[in-house]
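Report on one structure; see the data block that follows.
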Amino acid sequence: MSVSVQQADFDVGAEIAALTAGDAQAGAVASFVGLVRSDKVGAGGPAVQAMTLEHYPGMTEQALEDIVTQARGRWDLLGVRVIHRVGRLLPGERIVFVAVASGHRHDAFAACEFIMDYLKTQAPFWKNEETPAGGRWVDARESDAAALGRWRREE
Amino acid sequence: MKVLYFASLREALGASGEEMALPDGVGSTGALRDHLAARGGAWLALTQTKNLRCAVNQRMVGFDAAVADGDEVAFFPPVTGG
């Protein structure tokens, strides 16, 4: 199973090891781990005490599978693993994990970044932050759409 | 058909979804959005949410996408995962 949407935390080392277990063709693994930040960077807003991730069950898994399929079509990949957590998470906790195995590093680095950029704008997750001033929905960032546009120009 | 609402839109509407018959004269996601917003009050959030997104049968689509009775249609704000 290359894609998981779950409440539970995950073991980064075990996931990376499992991705290439028994595959002597793999020469590279690139991975990304996203964490809950306690402060709004640069906004001077109140500290984030916790974050709750809502998603669209069914569509979420399908959207992530689609993104992985697109990455496999673009680069020569040996394995892909995507885990996204949902529910209530505290600052410092892991939210998302992407790991890509390939023969050489370029494919792994590029595909890992591509998957994160697509996930940010195409997978139906929404973050609600708990602050001393109450809950607030996180706004989508223009820079995320711009990151996606970069891959589309390269197509 | 089934219509679903998520995140800030779900909160604004006070509903996570509803079962309904495809309204007469509604053939697209945009027309369905406008039909629901015409209920007024909190439902105006459907036309006032910045960069509202929609999906038909769990695929993200535009507001010109066709809808038919039996479809699952979802409306939501821009996604913020990762």
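Chain letters run A, B, ... following the sequence lines, proteins first and then strands; every chain starts at 1.
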For B:Asn57 and A:Gln62, the nearest pair of non-hydrogen atoms, with its separation, is O-NE2, 4.3 Å
| What about B:Leu46 and B:Val56, same hydrophobic cluster or not, with Ile/Leu/Val/Met/Phe/Trp/Tyr joined at side-chain heavy-atom distances under 4.5 Å? | yes
Checklist entry - Does CG belonging to A:Asp76 count more than 12 external heavy atoms closer than 6.0 Å? => result no
>> I'd like to know if A:Leu35 and A:Val48 are part of one continuous hydrophobic network [Ile/Leu/Val/Met/Phe/Trp/Tyr, side-chain heavy atoms within less than 4.5 Å].
In response: no
### Message
Do A:Val5 and A:Val36 sit in one hydrophobic cluster, given that two such residues count as connected whenever their side-chain heavy atoms are within less than 4.5 Å of each other, even indirectly?
### Response
yes
Among residues 3-12 of chain B, residues within the sub-4.5 Å heavy-atom range of chain A, in order of number, are B:Leu4, B:Phe6, B:Ala7, B:Ser8, B:Arg10, B:Glu11
>> Counting only heavy atoms not in A:Gln25 (residues, nucleotides, ligands), do more than 12 fall under 6.0 Å from its CD?
In response: no
- Same hydrophobic cluster for A:Leu77 and A:Val3, using side-chain heavy-atom links shorter than 4.5 Å among ILVMFWY? yes
Of A:Met116, A:His84, A:Arg85, the largest count of non-hydrogen pairs under 4.5 angstrom with chain B goes to A:His84
The complete set of salt bridge (charged side-chain N to carboxylate O under 4.0 Å, His left out) pairs with one or both residues in residues 53-69 of chain B, sequence neighbours excluded, reads A:Asp66-B:Arg59
>> Would you say B:Leu52 ends up clustered with B:Val61 if hydrophobic residues are merged whenever their side chains have heavy atoms under 4.5 Å apart, either directly or through other cluster members?
In response: yes
task: Check whether any side-chain heavy atom of A:Trp126 sits under 4.5 Å from a side-chain heavy atom of B:Thr80, and report yes or no.
output: yes
Among residues 91-110 of chain A, residues within the sub-4.5 Å heavy-atom range of chain B, in order of number, are A:Ile95, A:Val96
If you tally heavy-atom pairs under 4.5 Å between each of A:Phe32, A:Trp137, A:Phe125 and chain B, the highest tally belongs to A:Trp137
For A:Gln122 and B:Val79, the nearest pair of non-hydrogen atoms, with its separation, is N-CG2, 3.9 Å
Honestly, the part of A:Ala63 sitting under 4.5 Å from a heavy atom of chain B is neither
Connected to B:Leu44, directly or through other members, by ILVMFWY side-chain contacts below 4.5 Å are none
Correct closest heavy-atom pair for B:Ala55 and A:Met59 would be CB-SD, 3.8 Å
